[in-house]
Amino acid sequence: KLDKKWWHDAVIYQIYPRSFMDANNDGIGDLAGIISKLDYLKQLGINVIWLSPVFKSPMDDNGYDISDYQDIASEFGTLAEMDALIVAAAKRDIKIIMDLVVNHTSDEHPWFIESKKSLDNPYRDYYVWRKPQPDGSEPNNFHSYFGGSGWELDTNTGEYYFHQFSKKQPDLNWDNPQVQEEVHNMMNWWLDRGIGGFRMDVIDLIGKEVDKQIMTNGPRLHPLLQQMNKATFGSRDVLTVGESWSATPNIAKLYSDPAREELSMVFQFEHITITFDPYEGKWKPRAFDLVEFKKVISKWQTELADCGWNSLFWNNHDLPRVVSKYGCPDQYRVESAKMLATALHFLKGTPYIYQGEEIGMTNVKFDNIEDYQDIETLNLYEERIASGVSHESMMEGIYKNGRDNARTPMQWNNTFNAGFSTGKPWIKLNPNYVEINVESALSEPTSIFHYYQKLIKLRKQHAVIVYGEFQPLFEEHAQVFAYLRKLDNDTVVVINNFSAQVITVSLPNSLQGITGDCLINNYGPRVQLLEQLVLAPYESFATLIN
Ligand SMILES: O=C(CO[C@H]1O[C@H](CO)[C@@H](O)[C@H](O)[C@H]1O)[C@@H](O)[C@H](O)[C@H](O)CO
Ligand SMILES: [Ca+2]
């Protein structure tokens with residue numbers, strides 16, 4: 001029997017601090033800006049804020065390169081302001097979960113500065129050092145996610161250090177018990193400050209065995225997480241979500257089966273990677289195949305039905321915006337954004353909303369590569385152009401899947417800089433802020449914002465949405481994503497037209513002619529489930545029958 005957890009019916013809102021709200025007008029979002037928007041988030045109805053990193057950092061990867069885990073980056077504010085945010089959020093029944101980035105640190109972290117001083121420095125073994133090959137070359141041919149080799153030579157000690165991301169993000173050596181203890185102490189330090197849990201960055205990488213080129217799901221991964229659980233959050237009622245691009249349903253159960261005392265849930269990315277080219281990855285986008293997508297969703301819904309727990313998300317600070325990727329960002333922007341929200345929020349698991357998703361923000365197309373700020377985009381542009389890829393093809397990849405699509409400033413209103421800042425924003429705005437912004441969304445009762453607000457309310461009101469069994473419908477249909485959720489006498493019928501065409505579907509006999517309570521819809525209410533359903537472009541509704 002599943003023990004009920006507070007986060008089973010919670011809805012989480014992700015904030016990318018650099019782009020959310022700039023209170024001191026230096027062009028960079030900050031903690032004071034977030035505090036000034038807490039009432040807006042309360043109005044939306046979310047229960048938890050996942051805060052992307054705000055720690056001291058040289059910002060080589062916008063904070064995912066930390067130089068002090070127990071202090072706040074000056075551009076974001078101070079520790080006192082962080083404490084004030086935790087208190088102000090708690091006043092509104094909103095918890096704050098922090099981003100735990102411990103697969104690697106910044107190369108400006110004191111641990112690394114010490115580590116590279118000499119071969120026998122007490123911090124040497126905090127990182128992964130290896131001797132060069134006899135010809136002086138890298139220890140092996142591991143390629144960094146951000147381009148180039150994953151090994152950087154330190155001329156001073158004559159050894160290479162390992163980095164899966166940028167060379168300013170050296171990997172920590174999790175085989176070292178001192179490293180484990182340092183991180184556990186840091187985590188308890190934050191938990192004692194009243195945070196609601198952790199989002200764990202690339203957590204599937206910490207069990208790596210570099211010499212064997214085993215990076216993900218190393219044999220020590222789960223023992224490390226069980227130790228971490230016992231030493232830190234295990235005794236506290238907090239939420240932990242691990243980012244794991246390599247997770248399969250079986251692996252996700254290892255992480256999130258409560259009996260194993262590891263994490264609450266993981267972010268799995270299979271519904272994302274099916275849109276990437278198997279060889280060239282996200283830089284060569286594949287056409288979206290709804291049937292393939294539905295198979296992935298059904299698999300995760302079904303396999304974690306009685307063990308573990310799913311996270312539900314369309315986008316985040318590394319991914320393109322949902323309405324541009326899976327919907328229609330122009331003619332049917334509102335209808336498709338609402339459809340995509342329905343399709344996700346009626347699934348079983350904990351939903352995540354990425355800042356701006358609730359007002360239907362779209363991808364951006366900057367004219368020049370120089371307008372881009374993301375280290376992954378800029379490094380891979382350089383590397384792929386050097387390898388012969390055309391500028392046009394690479395820009396196409398960046399327009400579709402580049403990370404800066406998610407990082408343009410939040411659009412608060414149609415005034416100067418969309419009300420984000422009166423200073424020069426660190427990254428250009430999406431020019432469509434004139435029509436797509438919070439102020440107009442709040443003033444429009446049928447806006448995407450109010451639709452998300454209602455979805456969040458419904459999850460609190462109906463246990464069938466939280467705990468109901470998932471049953472797919474029309475699995476082979478190329479345009480319609482539909483399913484049932486069943487709990488005791490309640491059944492919710494969820495129908496989504498993923499296309500701009502008018503689509504007619506015939507409901508299964510068992511559902512024909514039944515009258516129910518239409519919980520939500522993005523066109524007119526669908527009370528009676530007719531034999532034939534004629535769905536308008538991107539039409540979406542959920543009807544409760546009991
Ligand atoms: O693998 C990660 C992990 O992302 C996490 O780890 C990265 C390193 O900390 C950091 O850059 C990301 O922001 C953080 O979410 C992604 O960056 C991935 O490479 C790619 O962008 C997916 O398309
Ligand atoms: Ca600022």
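Basis for what follows: all heavy atoms, side chains included, without hydrogens, waters or symmetry-related copies. Counting starts at 1 for both ligands and their atoms, following the listed order.
- In this structure, Lys37 satisfies the cation-pi test against Trp412, with its NZ or CZ atom closer than 6.0 Å to the six-membered ring centre and inside 45 degrees of the ring normal.
- The contact set between ligand 1 and His104, taken as ligand atoms under 4.0 Å from a residue heavy atom, comprises 8 (C), 9 (O).
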List the atom pairs, with distances to 0.1 Å, where a side-chain N or O of residues 318-328 and a protein N or O form a donor-acceptor pair under 3.5 Å, not counting sequence neighbours.
unit_1	atom_1	unit_2	atom_2	d
Asp318	OD1	Arg403	NH1	3.1
Asp318	OD1	Arg407	NH2	3.0
Arg321	NH1	Gln355	O	3.0
Arg321	NH2	Gln355	O	2.9
Arg321	NH2	Ala406	O	3.4
Ser324	OG	Asn363	N	2.9
Lys325	NZ	Thr275	OG1	2.8
Lys325	NZ	Asn401	OD1	2.8

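- No hydrogens or angles considered: nothing links the side chains of Asp201 and Asn103 as a donor-acceptor pair under 3.5 Å.
- Close approach to His317 involves these atoms of ligand 1, each under 4.0 Å from a residue heavy atom: 12 (C), 13 (O), 14 (C), 15 (O).
- With hydrogens and angles ignored, the 3.5 Å screen pairs a side-chain donor or acceptor of Ser144 with a backbone N or O of Phe165.
- Closest to atom 14 (C) of ligand 1 among all protein heavy atoms lies Asp201 OD1, 3.0 Å.
- From the protein, the heavy atom lying nearest to atom 2 (C) of ligand 1 is Trp245 NE1, 3.8 Å.
- The contact set between ligand 1 and Phe146, taken as ligand atoms under 4.0 Å from a residue heavy atom, comprises 11 (O).
- Residue Lys282 has at least one heavy-atom neighbour below 4.0 Å for each of these atoms of ligand 1: 20 (C), 21 (O), 22 (C), 23 (O).
- Taking a cut-off of under 4.0 Å to the non-hydrogen atoms of Arg403, the atoms of ligand 1 that pass are 10 (C), 11 (O), 12 (C), 13 (O), 17 (O), 21 (O).
- Side-chain contact annotation: Asp61 with Ser166, donor-acceptor N/O pair under 3.5 Å absent.
- With hydrogens and angles ignored, the 3.5 Å screen pairs no side-chain donor or acceptor of Asp39 with any backbone N or O of Ser36.
- Trp426 carries Arg18 over the face of its six-membered ring, with the cationic atom under 6.0 Å from the centre and within 45° of the normal.
- Distances from atom 19 (O) of ligand 1 to the heavy atoms of Glu376, Arg407, Glu243 show the closest one on Glu376.
- Considering backbone and side-chain N/O of Asp318, one or more are found under 3.5 Å from N/O of ligand 1.
- When Asp65, Val202, Ile206 are each tested for a side chain to side chain contact (heavy atoms under 4.5 Å, CB included) with His104, only one passes: Val202.
- For the Ca ion (ligand 2), protein N/O/S neighbours under 3.0 Å (waters excluded) are Asp22 OD1, Asn24 OD1, Asp26 OD1, Ile28 O, Asp30 OD2.
- Heavy atoms of Arg199 found under 4.0 angstrom from ligand 1 belong exclusively to the side chain.
- The protein heavy-atom contact nearest to atom 11 (O) of ligand 1 is Asp61 OD2, 2.5 Å.
- With a 6.0 Å cutoff to the six-membered ring centre and a 45° limit on the axis angle, Arg124 counts as a cation-pi contact of Trp129.
- In this structure, the side chain of Asp371 engages the main chain of Asn368 through a donor-acceptor pair within 3.5 Å.
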> Do Leu347 and Gln301 pass the side-chain contact (heavy atoms from CB on, under 4.5 Å) test, and can you show the C-alpha distance, the side-chain angles, and the key distance before you say yes or no?
Replying inline: CA-CA 8 Å; Leu347 291 174; Gln301 288 285 296; 3.8 Å; yes

